[in-house]
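Lettering of chains follows the sequences in order, A, B, ..., and the numbering in each one begins at 1. Atoms considered below: every heavy atom in the structure, side chains included; atoms not considered: hydrogens, waters and symmetry mates.
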Protein chains: 2
Amino acid sequence: MDSLRGTGPSGPEAQPPNGNGRSRPRRTTIRDIARRAGVSESAVSFALNNRPGVSEDTRQRILGVAKELSWHPNSAARALSAARAGTVGLVFARPAKTLGIEPFFLQLVSGMQAVLSVRASALLFQVVENMAAEMALYRQWWSEHRVDGVLVVDPRVDDPRPALLVELGLPALLIGGPTSTGTVPSIWADDTGAMASIVDYLVGLGHRRIAHIAGLPELIHTKRRIDSFRAATRKYGLSTHDSVATDYSDEAGARETRQLLAEPGPPTAIIYDNDVMAVAGVGVAGELGLSVPSDLSVVAWDDSVLCRLTHPQLTALVRDTHAFGSHAAQQLLALIEGEAPHDVEDDVPRLEPRGSTAPPPLP
Amino acid sequence: MDSLRGTGPSGPEAQPPNGNGRSRPRRTTIRDIARRAGVSESAVSFALNNRPGVSEDTRQRILGVAKELSWHPNSAARALSAARAGTVGLVFARPAKTLGIEPFFLQLVSGMQAVLSVRASALLFQVVENMAAEMALYRQWWSEHRVDGVLVVDPRVDDPRPALLVELGLPALLIGGPTSTGTVPSIWADDTGAMASIVDYLVGLGHRRIAHIAGLPELIHTKRRIDSFRAATRKYGLSTHDSVATDYSDEAGARETRQLLAEPGPPTAIIYDNDVMAVAGVGVAGELGLSVPSDLSVVAWDDSVLCRLTHPQLTALVRDTHAFGSHAAQQLLALIEGEAPHDVEDDVPRLEPRGSTAPPPLP
DNA sequence: CGTCGGAGCTAAACCGCATTAGTGCGAGCA
DNA sequence: TGCTCGCACTAATGCGGTTTAGCTCCGACG
C-alpha cells in the first residue's frame, strides 16, 4: 500500500507548511498533470506549449487534464527557465505634487493592455519623483530580470535615457518621438500635421494674429509643435510671435494669456498645448471683458471632460490615445521578439470644432 | 591548465545563445560571487540575505564582491524558491470609454509605491472593462503566482469580489470601506465625518435647504455619504430631500442640478460627490441666472485643478490621497506577511473653503 | 532482410536562488 | 584526555517550468 504513495494519479496532496508560518494550498503543477495523464513532465510541457514531440491524441488528453485541474503556469518558473519575464515596464517621472489631471494616462495604459493581455504580458507600473529615479528603476528592473522591455514616455530634447537603455541592452520604445540621439526606436503622433491643421482651420476662419501657448519646452513633442507652428504661420505670412513655453499649469496658462492679450495688436486666436491652460485662458479672457469666441478664439490640444465643462465648449484636438497605446505596446513586443527596430509615426489627430472658435472680430 | 577552467575567480564568461536566437549577455549570479569570493553559493546567499551562517568578515567580503560585480537578485528565481512574487496587483475596472479625468488615481498609486518600493515590491497594474474581467484577472494572477496580494478599489454594496478573494486565499485589501459581506479587510476614509463637517459648515453659514448630488449608488462610500447626509440634516432638523444618485458624469451633474433648482423652494447649497459634477452644476446655475455663491453655494468632494479653474474657485473637500495610498499599501504588505487582518479607518478629510460658498440669500 | 530515420516519448540537466542537512574544527567542560 | 557543543561553512535538494539528449518502436527503403 505504502508503495503507492505519491505515485498514484492524485491531485495536489497534503499541504506542507511553507516557511511562512501559514500553509498555503499546494498549486497544481505540470507534475500533477503528468501523473494523472500517465505521461512524463516533458510531454506535458510540449503539449501545453504547442510544440512537437507529442502526438495529437496525447496533446488533447493532456490539455484536457490541464483544464480539469485548472492549471496555470507559474510565471516565476517560466520566467526563470525561459528567460522571459512576461512583463513590460512603464515609469512616470513626475514630482508627487504635480500629479494632477491626467486624462491622457489611463487611456494610454488601457490601450497598451489591450495588446499586452492577449500576449500574456503584464504591465509593471511605477510613479517616481524624477528622471534620475526613473533611470535607477530601469537599471534595477533589468538587472532583476523583472521586465522584458520598457515603454518610455515624455522624451526630451537632451534625453539621457536612450543612452542608458542602449547601454543596458534593455529593449525600449520611446513614446512621443525620436530624440536627437535617436538610438532607441520611437512612436509618436503627428504633431506637425496636427498643428498645421489647426492653423489652417484658424486662418480659414479669417484669423491673422494667432498665438501658441506651448508646454514644457524640453519635451520633444513640444518642440515639434513649436517648429510646426512657426512653419505654418510663415506659410501664410502671418506676423505672429514665437510660441511661448510653459509648465502646463493653469497658472502659467493664465499668466501668459494675460500677457498676450495686454500687448498692442493682441492675438485673435490662441492655441493651448493642453486643456487645463485653455480653460484658464478662457477665464482670463472673461476677466478682461473679452468674450469667447467672438473676441477671442481658443483651441485646446487634447480633449477631455474639461473641454465640455466650459461655456462655450472648447474646440479641441482629439486623438485616439487608446489606439496609440495599443500601437506602442505592439511595437515594443515586436522589439522584444527580436524584430528590427524602426520608428513609427502614428495617425494624425483630428480637430473637433466646438463653440470656442469663430471668425475674428471685425477690425 | 585546463583543470582550472571554470573554477578561477572569473566574472561572467562567454555568452551562450539562449534559445531566443539573440544572445544576451550572461548576468552575474551568486555563483559568480561565490567563485570570486572563494566560498560556496550558500554562504553567498546567507550573506546577501542577512541571515546567520557566515562570519561578519566573510559577509562583508561577499557584499563587497556583490557590489563590485553589481549583482542584483533575479526576481524570478527568488520568487520561485521563496514562493513570493514581490509584486502586488491593482486593477481598475472601468469601460474604456469612461476613462476620464482621474486626479485621484495617480496620487493613490504614487502613495502606494512610496511604501512598496522600499519593501522591494512592484505594482502590477491593469485597466479592464468590467468587474467580471477584474475577477478573472485575480484568478489568473494568483494561479500564475504573479502577485502576493491585491489592492481592490471601488468596493460595492453587493460585491462579488470579496467572496472570490477568500475562496482563492489571495491576500487582499479593500480600498474604500468594508462591504456587507465584510470578509476581506478594508481601509477607508471617514466619509461620515467628512459629510458631517460639510453640513456643519453650511448650516453655520445659515443654509437650511441643502442638497446632495451623490455618485454611483452601488459604491460603498457613496452609501456612507448618503447615510451621513441624512443623519446630519436630521440632526439639524432640515427638511431636505434624499441624496440623488448619479454616474459621476458632467451630464448627470448638470441634469440633476437643473432639476433641483427648478423645484419650488430650491436648495441654497449643493454638495457634489465629485468636482466634475460641481463644475457642471456651477455652469447650470449660471444659465439659470443664479450667481455662485450669492444665490447658490457649491461644495465639491475631492479637490483638483478643476476646482481652481472655475470662477469663483470651488470650496472643496481635500484629502491626502497620497498618504491614503501609502497606508493601504502598508496594510496589504502586513497582511501578506501574515499579520491578522483588521479594518482601518483613515484620517478625516479637510474642508477647504473657497469662493463658492457664502451665506444663503435673504428670503 | 538489415538498417536507417523519424515519430513519440522519457530522463536528466538547467535556470538562479533559498534552505536544509550535513561536515570539520576549535573551544569549553568534566 | 575525551566528549560535546556551537560556529562557519559546504553539499545537496527543491521551487516549476523548459529544453536537450537519448531511447524505443515501427515503417520504409535499398
Answer yes or no: does a side-chain N or O of [X] lie under 4.0 Å from OP1 or OP2 of [N]?
X       : N      : value
A/Trp71 : D/dG17 : yes
B/Arg51 : C/dT19 : yes
B/Arg78 : C/dG16 : no
B/Thr29 : C/dG16 : no
B/Ser81 : D/dC15 : no

Looking at every strand, decide which applies to [X] at a 4.0 Å heavy-atom threshold: base, sugar-phosphate, or nothing.
X       : value
B/Ser45 : base
B/Arg59 : nothing
B/Pro73 : sugar-phosphate
B/Val39 : sugar-phosphate

A/Asp346 side chain vs A/Phe324 backbone, donor-acceptor pair below 3.5 Å: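 Pair absent, no side-chain N/O of A/Asp346 close to backbone of A/Phe324.
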
So, B/Gln126 side chain and B/Val91 main chain: donor-acceptor pair closer than 3.5 Å or not?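 No, because the side chain of B/Gln126 does not come within donor-acceptor range (under 3.5 Å) of the backbone of B/Val91.
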
Could you tell me how far apart [X] ([atom1]) and [N] ([atom2]) are, to the nearest whole angstrom?
X        : N      : atom1 : atom2 : value
B/Phe46  : D/dC7  : CZ    : C1'   : 12 Å
A/Asp32  : D/dG17 : CG    : P     : 9 Å
A/Ile30  : D/dT18 : CD1   : C1'   : 8 Å
B/Ile62  : D/dC9  : CD1   : P     : 8 Å
A/Leu80  : D/dC15 : CG    : P     : 14 Å
A/Arg35  : C/dA11 : CZ    : C1'   : 16 Å
A/Glu144 : C/dG16 : CD    : C1'   : 13 Å
B/Asn74  : C/dA18 : CG    : P     : 10 Å

With hydrogens left out and only the distance checked, is there a donor-acceptor pair under 3.5 Å joining B/Ser42's side chain and the base of C/dA18?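 Looking at the base of C/dA18, it does not pair with any donor or acceptor on the side chain of B/Ser42 (distance under 3.5 Å).
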
Report yes or no: do A/Arg146 and B/Thr87 form a side-chain donor-acceptor pair below 3.5 Å?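 Side-chain D/A pair, A/Arg146 to B/Thr87: present.
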
Determine whether the side chains of B/Ser55 and B/Thr58 contain a donor N or O and an acceptor N or O closer than 3.5 Å.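 Present: a donor and an acceptor within the cut-off.
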
On DNA chain C, compare the nucleotides closest to B/Asn49 and A/Glu41; which residue's is nearer the 5' end?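 The residue closer to the strand's 5' end, by nearest nucleotide, is A/Glu41.
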
If you measure from the Lys or Arg side-chain nitrogens to the Asp or Glu carboxylate oxygens, is any gap between [X] and [Y] under 4.0 Å?
X        : Y        : result
B/Glu68  : B/Arg36  : yes
B/Arg61  : B/Glu56  : no
A/Arg139 : A/Glu167 : yes

Side-chain contact, heavy-atom cut-off 4.5 Å: B/Arg161 with B/Met131?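 Counting from C-beta outward, B/Arg161 and B/Met131 do come under 4.5 Å.
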
Of B/Val54 and B/Ala77, the one whose closest DNA chain D nucleotide lies more 5':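 Going by which nucleotide is closer to the 5' end, it is B/Val54.
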
Which one, C/dC17, C/dC9, D/dC9, comes nearest to the side chain of B/Ser55?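 Of the candidates, D/dC9 comes closest.
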
Give the angle between the helix axes at the two ends of the helix from C/dC1-D/dG30 to C/dA30-D/dT1, taking five base pairs at each end and rounding to 10°.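 The end-segment axes of the helix from C/dC1-D/dG30 to C/dA30-D/dT1 are tilted 60° relative to each other.
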
